[in-house]
Amino acid sequence: MKSEIDALMQARDMDAILVFGNAEHNPPMYYLTGGGHVSHATLIKKRGSDATLFFGDMERDEAAKSGLKLIPYSTYDFEEIFKKANRNSLLAGAMRLELMLKDVGVESGRVGVYGTYDIGPIFGLLTQLQKLMPNLEFVGEPREDSIFMRAMETKDESDVARIRKMGKVTTAVVGRVADFLTSCEVRDDEVLLNEDGSALTVGDVHSRIRLWVAEHGAELPSGFIFAIGRDAGVPHSAGNPADLMKLGQTIVFDIYPAEAGGGYYYDFTRTWSLGYATPEAQELFDQVKEIYDQLNENFDLNVPFKNYQKMTCEYFEGKGHKTPMNTKSPVEGYVHSLGHGVGINIHERPFSGINTSDEERLAPGVVITSEPGLYYPEKGMGFRIEDTMWVRPDGRMEILADYPYDFVLPMKKWNKK
């Protein structure tokens, strides 16, 4: 939580943090400002002090919504600074940033650097600034264990309410997709048809998903997955737009919309087969559903998340599938980790990989995914079930948006011959 940032800075011996970039679609900046249309901003927080947001004058009203201390860039006469820098724009930017840091009391010590921005200009800026302020040490942290990832790991009830709201958007869109698909006419060769009689493609479905998400006021900043057949067997294949929608093929629908402007995500997957399923596909789906249910029955408070990855691997290996536990980088069977945290980033702490730290636990306040799956691209099939869950303060696990787990979706306008 945000209240932990100063303690985390103290533990990392970090004297200040420096965040670059837009307030939207920039998790560290969004986390401290609340988002808004503030572009090319700079945020500086000295340990033990409130953060200060530096911004362009045209965005002063948007910047004011952050509730932070505000200093417009126009406070510093950039034209004069540019002349002193002999028209070297990187040096001029560094000279202005030197003034900004001094104005908030940062002249020495370790400064963590964060944000989503073009790396080239920032590298050049900091290289110049290091020459101007040799008593500063600029620090980069591993993404998975940064101060921000640590602070974001636990959510309060207001954060969870926003994630839950995105869950309702997600399931509404998923339900609409299911209704659309099952209402299609079906050609003799089991290809679904558009209203105009043309063959329905994965690309057609993709277009509708984007539209329906937008109609709910949400965004898809990290994309989504709607893949059929072989592509369903490659976990992160988004789906080939040219593929035809056909009966009896597995569909992996993994959708992770976020609040508009780069806010909180929801993460959700269902696997479908329209009309009917082959016996082999049904058997594999049933295995995924069985371990999914077993995990839900066994999740317990403060247990390392990776313990459940081990449980999942042991289950699937007992069914004859390869897993990361005993196969290096498998490409079929169970090929990924069980889940991850969800928040302003689609992937946050805690992570569940076998080699993750015991510190990454199902602690009160974390929001995680549980998403076991099986993948056999050469057989033309893949399976995944995923829900987003909150570890409540009382230790109970709560799925934040309910939706059926049906594998075979009956078609409304098709009579099997």
Side-chain angles (χ1 to χ4, degrees), residues 1-36 38-56 59 62-63 66-76 78 81 85 88-152 262 344-345:
M1 297 184 188
K2 291 180 189 176
S3 59
E4 301 173 302
I5 288 180
D6 279 311
L8 289 166
M9 292 175 69
Q10 178 73 40
R12 302 283 174 95
D13 190 27
M14 203 81 74
D15 297 287
I17 56 179
L18 178 59
V19 186
F20 293 102
N22 300 344
E24 295 182 327
H25 300 292
N26 182 358
M29 187 72 83
Y30 188 104
Y31 192 60
L32 294 177
T33 64
V38 183
S39 56
H40 305 292
T42 306
L43 184 146
I44 304 172
K45 175 177 164 47
K46 184 178 180 181
R47 190 174 73 221
S49 301
D50 293 334
T52 301
L53 181 64
F54 298 83
F55 61 95
E59 295 165 351
E62 291 290 319
S66 70
L68 300 177
K69 179 181 177 182
L70 304 176
I71 299 179
Y73 286 134
S74 60
T75 301
Y76 311 96
F78 193 77
I81 294 171
N88 181 324
S89 59
L90 282 176
L91 177 57
M95 291 168 65
R96 182 175 68 178
L97 185 52
E98 178 187 17
L99 296 173
M100 292 157 56
L101 285 160
K102 289 180 176 178
D103 280 350
V104 297
V106 178
E107 299 191 44
S108 63
R110 286 164 48 85
V111 179
V113 181
Y114 310 89
T116 301
Y117 216 64
D118 186 347
I119 193 171
I122 295 300
F123 178 79
L125 180 70
L126 294 179
T127 299
Q128 295 285 353
L129 184 60
Q130 184 71 81
K131 298 173 185 177
L132 298 173
M133 304 185 76
N135 291 328
L136 289 183
E137 177 187 358
F138 296 107
V139 179
E141 294 191 284
R143 177 187 178 277
E144 295 79 5
D145 193 44
S146 71
I147 283 174
F148 282 95
M149 278 295 192
R150 288 278 187 163
M152 294 173 180
I344 294 174
N345 301 274

Please check if the number of heavy atoms outside F123 that lie under 6.0 Å from its CZ is greater than 12.
no

Should the heavy atoms of other residues, nucleotides or ligands under 6.0 Å from CG of D118 be counted, would the total exceed 12?
yes

Could you point out which residue of F20, F138, F148 forms a ring pair (Phe, Tyr, Trp, His ring centres under 6.0 Å) with Y114?
F148

Say you draw a straight line from [atom1] of [X] to [atom2] of [Y]; how long is it, rounded to the nearest 0.5 Å?
{"X": "I5", "Y": "M14", "atom1": "CD1", "atom2": "CE", "value": "11.5 Å"}
{"X": "S66", "Y": "Y30", "atom1": "OG", "atom2": "OH", "value": "12.5 Å"}
{"X": "I147", "Y": "Y31", "atom1": "CD1", "atom2": "OH", "value": "12.0 Å"}
{"X": "L132", "Y": "L97", "atom1": "CG", "atom2": "CG", "value": "9.5 Å"}
{"X": "R150", "Y": "E141", "atom1": "CZ", "atom2": "CD", "value": "10.0 Å"}
{"X": "L8", "Y": "S146", "atom1": "CG", "atom2": "OG", "value": "9.5 Å"}

Any chance you could lay out the side-chain contact (heavy atoms from CB on, under 4.5 Å) test for L68 and F55, step after step, and finish with the verdict?
CA-CA 12 Å; L68 300 177; F55 61 95; over 6 Å; no

Restricting to non-hydrogen atoms, name the atom on [X] and the atom on [Y] that form the minimum distance, rounded to 0.1 Å.
{"X": "L125", "Y": "G93", "result": "CD1-C, 3.2 Å"}
{"X": "L53", "Y": "A41", "result": "CD1-CB, 4.0 Å"}
{"X": "I344", "Y": "G262", "result": "CG2-O, 3.7 Å"}
{"X": "P27", "Y": "T116", "result": "CD-OG1, 4.0 Å"}
{"X": "P28", "Y": "G115", "result": "CG-N, 4.0 Å"}
{"X": "M29", "Y": "G21", "result": "CE-O, 3.4 Å"}

Less than 4.5 Å apart, side chain to side chain, heavy atoms only: is that true for [X] and [Y]?
{"X": "Q130", "Y": "L126", "value": "no"}
{"X": "R143", "Y": "M149", "value": "yes"}
{"X": "R47", "Y": "Q10", "value": "yes"}
{"X": "L129", "Y": "E98", "value": "yes"}

Test log, rule salt bridge (charged side-chain N to carboxylate O under 4.0 Å, His left out), inputs K46 and D15:
CA-CA 6 Å; K46 184 178 180 181; D15 297 287; over 6 Å; no

Residue among V104, T52, I17 satisfying side-chain contact (heavy atoms from CB on, under 4.5 Å) with K45
I17

Exactly one of V106, L18, T42, T75 clears side-chain contact (heavy atoms from CB on, under 4.5 Å) with M100, and that residue is T42

Evaluate the side-chain contact (heavy atoms from CB on, under 4.5 Å) criterion for residues R12 and D145: first the C-alpha distance (whole Å), next the side-chain angles of each, then the deciding distance (0.1 Å), finally the verdict.
CA-CA 11 Å; R12 302 283 174 95; D145 193 44; 3.5 Å; yes

In terms of the angle between their ring planes, are Y76 and F54 parallel, tilted or perpendicular, with boundaries placed at 30° and 60°?
tilted

T33 vs V38, test: side-chain contact (heavy atoms from CB on, under 4.5 Å). Steps then yes/no.
CA-CA 10 Å; T33 64; V38 183; over 6 Å; no

Under a 3.5 Å distance rule, please check whether N135 uses its side chain to pair with a backbone N or O of E107 as donor and acceptor.
no

When you check the gap from the basic side-chain N to the acidic O, do K69 and D103 get nearer than 4.0 Å?
no

